[in-house]
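Below you'll find the structure, written out as structure tokens, and then a few comments.
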Amino acid sequence: MRRYSAWAVAREATRYHEGWERAWRAPEPKKRYDVVIVGAGGHGLATAYYLGKNHGITNVAVIEKGWLGGGNTGRNTTIIRSNYLQDSSAAIYEKARSLYETMSQDLNYNVMFSPRGVIMLAQTEHEVRGYQRTAHANALQGVSTEFISPQRVKELVPIIDISGPRYPVLGGLWQARGGTARHDAVAWGYARACSDMGMDIIQKCEVTGIRQEGGRVTGVGTTKGAIDCGKLGIVVAGHSGHLAEMAGFRLPLESVALQALVSEPIKPCMDVVVMANTVHGYMSQSDKGEMVIGGGTDAFNNYTQRGSFHHIEETVRALIETFPMISRLKMLRQWGGIVDVTGDRSPILSKTPVEGVFINSGWGTGGFKAIPGSGFGFAELMAKGYSPLTAEFGLNRFAEGRFVDESVAAGVAH
Amino acid sequence: MSEPQSALTGTTCDGIAKIREVGLQGMITLRGDLSATEIASAIADATGCALPALREITHEGRNSVSWMSPDEVMVFVPYDEAEATAAKLESALTQVHALVVNVSDARAMFELEGPNAREVLGKLCPVDLSPDSFGQGIIRRTRLAQVPAAFWMTSDASFRVVCFRSVAQYVFDTLKIAAQPGSEVGLYTQANG
Amino acid sequence: MLILECPYCGVKAEETEFHAGGEAHIKRFGPGSSDADFEGYLFNRENPKGVHFERWRHANGCGKWFHVVRCTMTLEVFGSYSAQVSEPPQEIRDAITAKRPGWCWRDFA
Amino acid sequence: MSTRLSTGGRLIDRTKPMSYTFNGKRMKGFAGDTLASALLAGGQMMMGRSFKYHRPRGVVASGAEEPNALVGLGQGAAFEPNQRATTTELFDGLSATSQNHWPSLEFDVGAINNRLARFFPAGFYYKTFMFPRVAWKKLYEPIVRQSAGLGAVPKERDGDTYEHFYGFFDLVVVGGGISGLIAARAAGRAGLRVLLMEQTAHWGGRAPVDAAADGATVNDAPVDKLVEEIVADLATMPNVTTRLRMMAAGVYDHGYVLGYERLTDHAPEAPGPRHRLWRIRAGQIVTATGAIERPLSFAGNDIPGVMLASATRDYIVNYGVSPGDRVVVVTNNDDAYRTAIAVKKAGLDVPIIVDARAAGGGALAQAARDLGIRVENGRAIAKVHGKKQVEGVSICAQAGEGGVLEEIACDAVAMSGGWSPVVHLWSHCGGKLTWDEAQAHFRPDVHNSPKGDAGETFVTPAGAANGAMQLGDVIADAGEMAGRAIAALGGTVRAEPVTASAPDEVPMQPVWLMPQGAGPKLRMKAWLDYQNDVKVSDVQLAAREGYESVEHTKRYTTLGMATDQGKLSNINGLAILSDALGQPIPQTGTTTFRPPYTPISMGAIAGTARGAAFQPLRRTPMHSWHEENNAHWEPVGQWRRPYCYPRTGESHAEAVSREINQTRSSVGLLDASTLGKIIVKGPDAGRFLDMLYTNMMSTLKPGKCRYGLMCSENGFLIDDGVVARLDEETFLCHTTTGGAESIHAHMEEWLQTEWWDWKVYTANVTEQWAQIAVVGPKARAVLQTLSDDDLSAETLPFMAWKEVTLAGIKARVFRISFSGELSFEVAVPAGQGMALWLALLDAGAEHGIMPYGTEALHVMRAEKGFIMIGDETDGTVIPQDLNLHWALSKKKDDYLGKRAQQRSHMADPNRWKLVGLETLDGSVLPDGAYAVAEGVNENGQKRTQGRVTSTYHSPTLNRGIAMGLVLHGPDRMGEVLEFPGTDGTVSKARIVDPVFYDKDGEKQNV
């Protein structure tokens, strides 16, 4: 693989950039692979990458029914943070965050990780208590966060109205090393690195069936023919239920539409990511200058990637209350993605009833920030049968009533 | 005995339509099997109103009865008669499974009046309020901006709007903005010039 | 932005008048049931691509719960019916068959 | 140089001059001008700078598709960035500033990027800025970020208002051109409820402009005539609503259309809202949205003075403005000849028409020749000369590699690469496209249309939006397609004999690169996306590197991601991509079309919901008293509850202490009206409550009260409160403030969907009652002075209730206590709540009675070890964790949550359990602190063995008290735990009984 660098760009410039090679190969599938990963989104590609990097497993195919990175990886609001309450969540998200720190160098592909800092606003007494609790938990989890004063919030986010008539800002949970990254680049960087390790990324190839013998997986049928494999990883977000059905088991999952929008680009005015959970809105400014705004999920099953407009309305309404200036910006584009949500809204990284089949799903609205940690842990689970990062996210937790519930930081009002 | 107060004690506002909090209004929730003859006759005896059909409201003098759901009606009588009317209904329905509660203080009622009244409401409620779709005799329970509400027409150009007491100020403020000068939509008014 | 018809008050209204209540026709398992049955009851969901049975409440209206059959791929609505039944009435099944011949959902077809 | 012509301009009123400023310079225009036409008239060709290379840019289009001419409009509370000059109507006093340059539009330091352009190809940043690592954050990223963005940032709170409107129509026609007008009239005559909207301020669209050039007629009359006639017809139809300045922003599922009406943008002084966002339900939608002309890709096609041929024509015909004195026309189709003719007719010079087609054009070409215009076929533009202004063009053969045949001096270039139907609205909700080989564009595939709630087709394209490009075809198609939509609604169409006579056009010929064999040097100067500076070479690079999906290419190059969302660039871009991949264009496909069609204001999206109307703020009957008495508010859901009532010079903490001391020593008042109150009545009411609550309610005696717990079916504690039995069949259930609506809904859900044969009715009477807690040793004394009824412990013992008359008001009095004191909760009709509140303050004056807030409430319940939903519970806590086994009925074989609590993890003896915590030094434990255990877990996180659930300073005990959940807590009384703070300090606390005050409960029982 030709390394990327300013020098390489300069060298190519002299020949009008006509000498660049493909970022990843476009191979036809082989007859057999040690591991087949279904789904070439961030999580699937990261899994393949760490299978090779950490466990020396490189006879791997990542098959994708559309184009790599074409699902939620390329549709989210790119927020990266690990200030979670529960130990198991904090562990995997912090692992992910720390891997983002060095991802550009590891992959030799600039994913523009921007640790600009993330603030979660506390706008009710209840949220203050919830975030103070999270700050205490984070301190013991080795996640560096801090509960900050309204004045500090105002310093960090000059465009915010901290004395808003309805929900004054009472403080905030500040994670200085949280931030954003260029979402497409994460998928592309992993794809390039996987391809470089000799793995096959097979796009426009849809899985049509999962073959098994005596309760053990033997391969998959695809629109590009049958492919044998020793182990199978299902990493297809909103389509997990569909794949699980092929393998013959059910999942505690529902697929719903999640929406987001961007404003027209304006000059830099907000240097951090702000999340306002009381009013269900979060916002950051992209490197292009667009205000990137996250909305809510529909409450009904939906595979159309089209959400209901009133969620956009609720989000924008709320953000105008907290950031009055955006009232005079314009919405440039809105879009939707399909997210898979579990019974406790935490992910599933687990073995399944079918030996050799592993599932990584249920990331709901939190998937992007977890990509490297998810791939790291899931690869370990697939390679060794156990990973401390994924231990608490097994399918069995629903029968045992052992949930990983992150909604508790903002529980019921009283 | 102190004088009871309505939520906004009759506040009013003028815009492209007139908004007025109506003041004290007796309201009684009655739940039961609306097909049971006892209910129809109890209502007739207590109010003189006929049992309203699906999504309808009936009137008799100062009393009204509106359909609320398949097993619920709302009885409107003068505030100071509510207690007695409720008791009357209660005693008439001892033999059937029914629930009668005086909820006169739980809600606020507004009058919205003027040729633009339909449009003002049409800015806040996801309901077709064109004259050929909505007129007198119909009750509609729906969403008004961000709160549940119900309304019906008392003339071709005036509505009664009911919401919960705690959000009366919000509903008033919202109606006021929707009725701000210069905000005529000119949709439902174009027909009659 | 869906439009649904409440079978109780006959109102055809937009989504914001209603509250989505998740998958329909789920049998309750209480004390004495197996762990698997109980897990299935609380958590396992059909989440189909296509015909789906779900519960909605006319929250900003008559307050009644009811059933809706909808396609999760096109959002087409095949019909709505009473909440007080444990399986869809025949005319609803026929309405689905007319639009999606050969449909099936759990044991219904 | 551009200038105002002495005559012409069908849309301007030369008798109404207007003055405005551009970058502070005073300029003049006429009523009817757009900002763009006025700037051109004033000779202001350059209007902005591009995003990446900061290249000088002039206006290229005349409508919504404009990518270059973006300005900041207005000032202060009325400032708005990124406004298209082409769609901004001129008004007197308008002030505009150009964007994305420093220090000035003419001299921009950022233009250095242009010099280095060769080193900044598509995606260069993915390949660079990586070493050393720290440099990205410290050096590179700040530079990237600072150079980001286009428009300036609004500084002030928006001074305008906005609103929504819910519209319902049988048929909505989008677009007020010929097609839309024809469709609307047909639908109107069919008696349907019709809405016709046009995004500009004028009816008629392009047809009248074209006619001005080619003399086309309809029914032997000028096209303008037909427009006037139809507009007049529509005005007479009460069932038809027409709206100018209203754009269909998006089409959503089930016939939902967003209509964006701009009410005062063109007249800022007018009263009323600025924008109105229509939320429309349409039975059918006809998209008569016309078509957009495509640029041609040749070197220097972005230099100010290079314009779309149609735009050039618009400025001359509509505004009497000439873009230049010598206009070279370059085209691959006949339509551009109309521009040449219009230019010539305006008395300006057309040195040459460069037609890339070897065979050239038809009737219009002849007409041009007849006017003495030189026409060259099979030719192309090799290169445009000039920097901030076109100075000339090099002509070459289209077939070759750009060998220059001739240099021609000119100050403007009018280009036409053919037309693309506006298919956005068709596509928003799933409409598919088909590639039209002959016209080289995507048009709606009417066999794959958007489907509504009944699975019916609900969008129909008409006219140019459907690929009909010549006047006769447009009119015929509009009638035909409108007929389909009307028929779908059960309407019938009366045939309209409309005959058009317009010159025949010979087919266009796709030209994606000019010249065909252009080398890298030229391709690096051939722009596709003007605003984002994406060139032909960038798309080819993306393809070369394997970014083969159109989505990959778009994201890698940023093609089509600018504020115009690729209206000009998308088709040209994917044609280049397809060519690079050696596959036909339809196989490459398009990117997804997403709403809105053009950007809409956030203010309009929020509508009236701002300030007082932002969200409902729920008020109790005593709200105004609290306000007048300096309550410090705590938002609880949508309610406001007094947190405390600080007096002058008092801190909140001091106020809370005062309120508690007064209440414990004498008597205090709490506004408890927000607590939920639900009536449950019927023969099966007891049985129902036994399922809902974990404890037994059916055995409760009328006149008595019982505290109960509610769990979710998943086992977790969701609510608690006191249930009073009013009579044999009737219960009154109190819930938490947050629970009033949710618990009522919870009850109805189970009754309606599971136990529908049980005879139970419920009613939420929360707001019917004002509820006041009268608390403290003197509570009875105070109440007794207001009542002749006997309130003694004998007739009204603890956990009983009774109806009495207080201060002349009929009231229900409940003897329940959440503070541990003698306590009466008095409920009166909400309308008399204030009266009772005042009476109580009066009656209690001699005892120094005062109100207390939620914080005092919390502290007092904590002193008693009472749990609080939301503090001790967080959605993961079960009653067993809180040692509430006494409230879990053993007699009942079922209740909601019982089965869940039998699952292995919930029956686990190692679950953390509730205890009291007492700091060794009397300080207050930090809220939310965790108790650490030995060592770390396998993820390297410190192990924990408990956490603080609520913690306060108790003025009663004058020390810190807390409750928490601790591993095996109840068995570890006296043990000391360590709670690290977030500041490095460690608090030590002893495990104690959670009841800190009046352990035997004597005080509440007197």
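Every chain is numbered from 1, with letters handed out A, B, ... down the list of sequences. Reckoned from all heavy atoms, side chains included, excluding hydrogens, waters and symmetry mates.
His136(A) contributes no side-chain N or O that, together with a main-chain N or O of Pro926(D), makes up a donor-acceptor pair within less than 3.5 Å. Arg328(A) contributes a side-chain N or O that, together with a main-chain N or O of Phe79(D), makes up a donor-acceptor pair within less than 3.5 Å. The closest donor-acceptor contact from the side chain of Lys267(A) to the backbone of Asn100(D) lies at 3.5 Å or more, if one exists at all. Side-chain atoms of Glu545(D) never come within 3.5 Å of backbone atoms of Arg22(A) as a donor-acceptor pair (strictly under, hydrogens ignored). In terms of modelled atom types and a separation under 3.5 Å, the side chain of His552(D) and the main chain of Trp188(A) share no donor-acceptor contact.
A salt bridge is absent between Glu551(D) and Arg75(A); no separation between the charged side-chain nitrogens and carboxylate oxygens falls under 4.0 Å. A salt bridge does not link Asp908(D) with Arg402(A): every distance from a Lys NZ or Arg NE/NH1/NH2 to an Asp or Glu carboxylate oxygen is 4.0 Å or more. Between Asp253(D) and Arg306(A) a salt bridge is recorded (basic side-chain N to carboxylate O distance below 4.0 Å). Using a cut-off of 4.0 Å between Lys/Arg side-chain N and Asp/Glu carboxylate O, Glu101(A) and Arg133(D) are scored as salt-bridged.
With a 4.5 Å cut-off on non-hydrogen atoms, Ala187(A) does not touch chain D at all. Interface residue Ser263(A): backbone and side-chain heavy atoms are both found under 4.5 Å from chain D. Contact annotation for His310(A): neither backbone nor side-chain heavy atoms come within less than 4.5 Å of a heavy atom of chain D. Residue contact with chain D, scored on non-hydrogen atoms closer than 4.5 Å, involves the side chain of Arg182(A) exclusively. For chain D, the nearby part of Ile320(A) is the side chain; its heavy atoms alone come within less than 4.5 Å. The contact between Phe113(A) and chain D is made entirely by backbone atoms, counting heavy-atom distances below 4.5 Å.
Using the six-membered ring where Trp is involved, Tyr256(D) and Phe309(A) have ring planes that are tilted, between 30° and 60° apart.
By the side-chain contact (heavy atoms from CB on, under 4.5 Å) test, Pro596(D) is found to be paired with Met331(A), Ala249(D), Ile600(D), residues two or more places apart in sequence or in another chain being considered.
Each of Gly70(A), Ala391(A), Gly343(A), Pro324(A) has some count of heavy-atom pairs under 4.5 Å with chain D, and the biggest count is that of Pro324(A).
No cation-pi contact links Lys521(D) to Tyr16(A), judged by a cut-off of 6.0 Å to the six-membered ring centre and 45° from its axis.
Between Arg610(D) and Ser327(A), the side chains place a donor N or O and an acceptor N or O closer than 3.5 Å (distance only, hydrogens not considered).
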